[in-house]
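Everything below concerns the one structure shown next.
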Amino acid sequence: MVPSYPTMCQRVSVAFLRGMRRTAVTAGFHSPELAATRVRLCLVRQYSPSQARHGIGRNVVSRLKWANEKYERFLQRRFPRFYLLYHTFMKGFRLLFQDAKEVHRIKTRMIANNIDYQKLPYREMEKLRQVRRDMIKAVPLVIISIPPFANYLVFVLMYLFPRQLLIRHFWTQQQLLEFQAVYHVQRAQHHQAILDGLERTVSSVQDHRLQSHLENLCRKVQSGAHPVVSDVHAVRTLFSGPPLGIRRMYTDQMRHLCPLLFLTPRLPAFWIGRRLNSHALELMQLDRAIVRLGLHQLNDMELREACYARGLNVEHLSLAQCREWLTQWLQFSTYLKESETSLYLHSMVLLTVNYPKPPRS
């Protein structure tokens, strides 16, 4: 017997509706008009306005991405120097945004789990230190850009003075190496003054044994030799109190130590001593974090950055030399007490100024 038209419509509508949505459909006799209505209703439910909006949004994003890529190719082909600047700035903003997210994640975890700063892993401690320094450097530029139309002046200043105004996110790799060399030359200009200050202190040391150790250490460094860790540890008690403690040394000596940490010396003496002490303690905590992590876990960039932050000129040193020096430095610093931050700072000269130079070509 051939099934009637209404029966066929009923079966088709039930099968279609079951395929589109898992809903129970009761059997019954339906008219062709009712079946067609249910099919249209299913199609409307399948393609809702919210899904249509999402589809339009994805299409707009893909179009914008395509237009941006086309614009970048045009700049790269017609204006290569401007493209390099544009690409560096865009990459810098992305890196800055990533750092901000990372810092927010670290801070949230510290608050939620009641974790102290010195208990953080090395990379998280270093991230917080770097971002804080970057934000301090960026504050003057933000203040300059507040007045109306001042942003145009800011762009000009950023282009003319990238080292002074921009943070590391907006430097090219070539600029990073160039600026690090410039900064090291600036702090190396104070090395001799720091060594001379130590030599002048020898006569004021009451203990003859310590006086002899300090005199031999200064003479060894001044002659161009690289001291060992035991030479520096032999005079450590002189740097926790008078005459070389962080709050006992002469003001001029403290001002010469400031450039080692890229700090301004144009502040009152008590403020300089406080800043030197806090920055030295932070580096000592980072040293202990490196020991917990393991020196071999640092990648090449992290290794060079760690040596540079502790006063070493890494421009012409190999990775093996950097690793050798940092190993020696950690042997020295991990046994220091918090009251010996002055020795830590002076060792940024004593243990770096004569470190073996690369062979001349």
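Below, each value reflects all heavy atoms present in this structure, side chains not excepted, and no hydrogens, waters or symmetry copies.
Environment of CD in Glu338: sparse, with no more than 12 heavy atoms of neighbouring residues, nucleotides or ligands closer than 6.0 Å. Atom CZ of Phe262 sits in a crowded spot, with more than 12 heavy atoms from other residues, nucleotides or ligands closer than 6.0 Å. Heavy atoms of other residues, nucleotides or ligands lying less than 6.0 angstrom from OH of Tyr335 number 12 at most. Heavy atoms of other residues, nucleotides or ligands lying less than 6.0 angstrom from OH of Tyr250 number 12 at most.
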**Request:** Kindly determine whether Lys107 and Leu128 satisfy side chain to side chain contact (heavy atoms under 4.5 Å, CB included), including the steps that lead there.
**Result:** CA-CA 9 Å; Lys107 291 286 189 179; Leu128 293 178; 4.2 Å; yes
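No donor-acceptor pair closer than 3.5 Å links the side chain of Ser347 to the backbone N or O of Leu350. In this structure, Asn216 contributes its side chain and Ser212 its backbone to a donor-acceptor pair below 3.5 Å.
Judged purely by distance below 3.5 Å, without hydrogens or angles, the side chains of Arg187 and His184 pair a donor atom with an acceptor atom. Between the side chains of Gln180 and Glu305, a donor-acceptor pair is found at a separation under 3.5 Å.
The heavy-atom pair separating Ala193 from Gln253 by the smallest distance is O-OE1, 4.0 Å.
Between Arg163 and Gln175 there is no side-chain heavy-atom pair separated by less than 4.5 Å. The side-chain heavy atoms of Leu177 and Glu315, taken from C-beta on, include no pair separated by under 4.5 Å. The shortest distance between side-chain heavy atoms of Ser342 and Met249 falls below 4.5 Å. At a threshold of 4.5 Å between non-hydrogen side-chain atoms, the residues Arg310 and Trp325 count as touching.
Cluster annotation: Tyr355 is not connected to Val228 through the hydrophobic network of ILVMFWY side chains, with a link wherever side-chain heavy atoms come within less than 4.5 Å.
The distance from atom CH2 of Trp329 to atom CG of Leu283, rounded to the nearest 0.5 Å, is 8.0 Å.
Here Glu124 does not pair with Lys127 in a salt bridge; the nearest charged N to carboxylate O distance is not below 4.0 Å. In this structure, Glu302 pairs ionically with Arg123, as a charged nitrogen and a carboxylate oxygen lie closer than 4.0 Å.
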